[in-house]
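Remarks on the structure that follows.
Naming: A, B, ... by sequence-line order, numbering from 1 per chain.
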Amino acid sequence: MTEYNHKTIEAKWQAYWEENKIFRAEDFSSKPKYYCLVEFPYPSGDGLHVGHPRSYTALDILARKKRMEGYNVLFPMGFDSFGLPSENYAIKTGIHPSITTKKNIEQFTNQLKSLGFSFDWERAVSTTDPDYYKWTQWIFLQFFNKGLAYKKEMPINWCLSCKIGLANEEVLDGNCERCGGEVEKRSIDQWMLKITAYADKLLKGLEDVDFLDRIKTQQVNWIGKSEGAEVDFLIDGSDKKIRVFTTRPDTLFGATFMILSPEHDLIQTITSDEQKSEIEHYIRHSARKSDLERTELSKEKTGVFTGAYAINPVNNEKIPIWIADYVLISYGTGAIMAVPAHDTRDFEFAKKFNIAINCINHPDEQLAQKESINPIDVLSGNVCWPFEGECINSSNNRDLNLNGKNVKSAVKETVEWLEKYGAGKHAVNYKLRDWVFSRQRYWGEPIPLIHCNSCGWIPVPEKDLPVVLPDVEKYEPTETGESPLATIEEWVNTECPKCGGSAKRETDTMPNWAGSSWYFLRYIDPKNNSSFADYDKLNYWMPVDWYNGGMEHTTLHLLYSRFWNQFLSDCGYIPASEPYLKRTSHGMILGEGGEKMSKSRGNVINPDDVVEKYGADVFRTYEMFIGPFDQSASWDTKSISGTERFIKRIWRLFTHTPIKDISLNKDQLYQLHTTMKKVTEDIDSLNLNTAISQLMIFVNEMSTYAVIPLKAAETLILLVSPFAPHLSEELWETMGHTSSINYADWPKYKKDNLVKDSIIIVIQVNGKLRGEISIASDEDKESILHLAKKEKNVLSYLEGKTLIKEIYVPGRLVNFVVR
RNA sequence: GCCCGGGUGGUGAAAUUGGUAGACACAAGGGACUUAAAAUCCCUCGAAGGUAUACUUCGUGCCGGUUCGAGUCCGGCCCCGGGUACCA
């Protein structure tokens, strides 16, 4: 037998798998289905990063094991190929993004194939493929038809020197990423998707799925549901009202002023003449502030008095109305009632501008002590108390008396009172905002709408989809901030599908998030021309059983794709409302120094080099052995030799030691079945580092055998096969098997074999280790205690002492408590 | 500030969820084979004391607690990483 040569072995089996379509997922198979999903990559010009295979290898291992366990596994791969780098490259070089994209996809495909992943390549999709984005556009039209897509004026990041709209990730520290120039906010009409209509459903859906807790928490926080009340304040000397949202209606008696956001539309109406110029100045000033400044300068509160007063509905007191930019137009109603005694931000503001602070909530004594706050200071208005307490000074002569009540019941009672007097109502608010779905860019899916002056916005008829991206010569957005598509007159000018009159196409394109919001559905039926995917096939495959991806996608991508799935499910196109049963996230692979890999740091590891030198099997095993899957890990070139030795040791074991069909002794059975159990369970929980270490233990053990029992050899190779599939296929074949190891039965351990003849019992005296004894595994408690007491070192600790207690933990230890 | 993770040898990490802390590896040191090197194999490897592979003490970020027994549970604190940011 020759030396281990990864190049010939890996090439041989990769070709075999492809020719024999070993990993093809079969629609409607009678086997139970299992849908394994990894996030598809953006095919960047840099090629595959060593971080990509971490997720792919882990789920590949799972997929391979599931196949061996008799599942019909769907494990697909595709490309999220719309993206800024291709477009920026086109702006620089004039090379069409589709050419760059095609080239990059080819490179990625080759790289992925060289790693031996068991993807069903026949189902590969690419979001830039018109056959794919036809359905992205179609889904958008479903949103439009259901009234969930609407146009609204929204700010974009505008680079003053490039004259181009920038994505948020292209703005670095308030400046343009490529020219370093100044970036300002500019408002333009943009398409929005009403994800807020699904806020509750997205929240509720989390109850039924198995996501890592921290992922659930992130989703919950992002949606940010808060309950409270909307309260109307009359404006003194006007018929207008200011509506505010508050989570603490119980503090209404402590409201001593109001604040409108600088963008609030009542400002012009209510501002007094003498305050007008100051107000206008403040509005202009805060509009010019970038997002960065708003947050950086967040410490110091600013604001201006409008000259107007509002009437507090619970006590009819006149309170001043201010404007301040710490109140955001995008949250709630863009206006607040300020209760400085019980809100830290309002407290800061009141202190700075000398506004009254009325304490109406007596701190809970215990809590106050914990927070080291003296209630006296709160009562006098010197310290803010935003926590739990008891209402004081909170009653009026119209049946509202909150005094003595805690926060919860006071909130309830106030809301009831407000509703009775028509001054407010129970309300719910979300941090989640509607999704800005327009980009003024070339390289994205065209939004399939046509604007007609007489009919308004009309969808492109389904038969005319996809609206294909036309060729352009220049990829830069225009002087006006419109998409480069706007300059192609023959494309823009079209007929109204409804009245036949002249009309114009929408020139905005969709964001990068669009294509990835439903790709897991297209894998199920990637060639379908009449619908995005066949219902029966969806019914067979969905939901995804296990979805793994990066932690960086656990808010937006996860939320967006759940939203699309829920929506399509509500429309009756998909059976299940939640797309993913289980979601995990892997940690990043960092450079050797523990820093992020980047060209500028010069610490980038190219997976091709590793495969060339060590082979795919070593690379895969190394990445799984590197550390706990959900935590980040630093690449360590030296450590690869550990897994390299492991792989080569298996090869040598099979090629240099005789393998005979002899039975295993009791100890060998114990070792084998312990390994079967550990590896099986560890793959199921993706604890792949410990699965590998158990395999190493077993291989080390087998190296001491003079003759290897056939059963042990076969079982080992089956257990290793998901990790090192090429090596395993090769050895499986040399052992005389004629069919692929991929469909061999996964080994099942027997409990009977997990017992050893003799075991070691540890003996402690007062909790300290003093000795150990070897006993038969069925030895009874009495004789174990008896033997333990006789152990010579233990004896010296028992002599002259009184035995108070004997503790026996079966199969583990004995502890004598003495005095 | 808030919400998550995490802190264990020189290094990456294990630890059956309260029961021998450091499995499995890397690095290091020593040895075997070899003309030599690579590869391979064997031994040592938390710290201190001790001739010792006897044994003892200390040791899982820090302080305290619960327990026969704590890396693991409870209370308080410090540091590191990620997410988020005036959300009323």
Test salt bridge (charged side-chain N to carboxylate O under 4.0 Å, His left out) applied to Lys412(A) - qualifying residues, sequence neighbours left out: Glu416(A)
Val817(A), nearest nucleotide to its side chain (from A15(B), A88(B), C68(B)): C68(B)
Check: Phe349(A) ring centre within less than 6.0 Å of Phe257(A) ring centre: yes
Protein-nucleotide distance (Glu552(A), atom CD; U84(B), atom C1'), rounded to Å: 16 Å
Results of salt bridge (charged side-chain N to carboxylate O under 4.0 Å, His left out) for Lys351(A) - residues two or more places apart only: none
Note, Leu688(A) side chain near Thr57(A) side chain (heavy atom, < 4.5 Å): no
Protein-nucleotides 69-76 of chain B N/O pairs closer than 3.5 Å?
none

Set of residues satisfying side chain to side chain contact (heavy atoms under 4.5 Å, CB included) with respect to Ile373(A), sequence neighbours excluded: Glu371(A), Val378(A), Val383(A), Trp385(A)
Under 3.5 Å, which N/O atoms of the protein pair with N/O atoms of nucleotides 3-5 of chain B?
unit_1 : atom_1 : unit_2    : atom_2 : d
C3(B)  : O2'    : Asn221(A) : ND2    : 3.4

A14(B) OP1/OP2 closer than 4.0 Å to side-chain N/O of Asn689(A): yes
Closest nucleotide among U20(B), G12(B), A88(B) to the Ile336(A) side chain: A88(B)
Distances for protein N or O near nucleotides 41-46 of chain B N or O, under 3.5 Å:
unit_1 : atom_1 : unit_2    : atom_2 : d
C41(B) : OP1    : Arg649(A) : NE     : 3.3

Between G19(B) and U34(B) - P atom distance, rounded Å: 50 Å
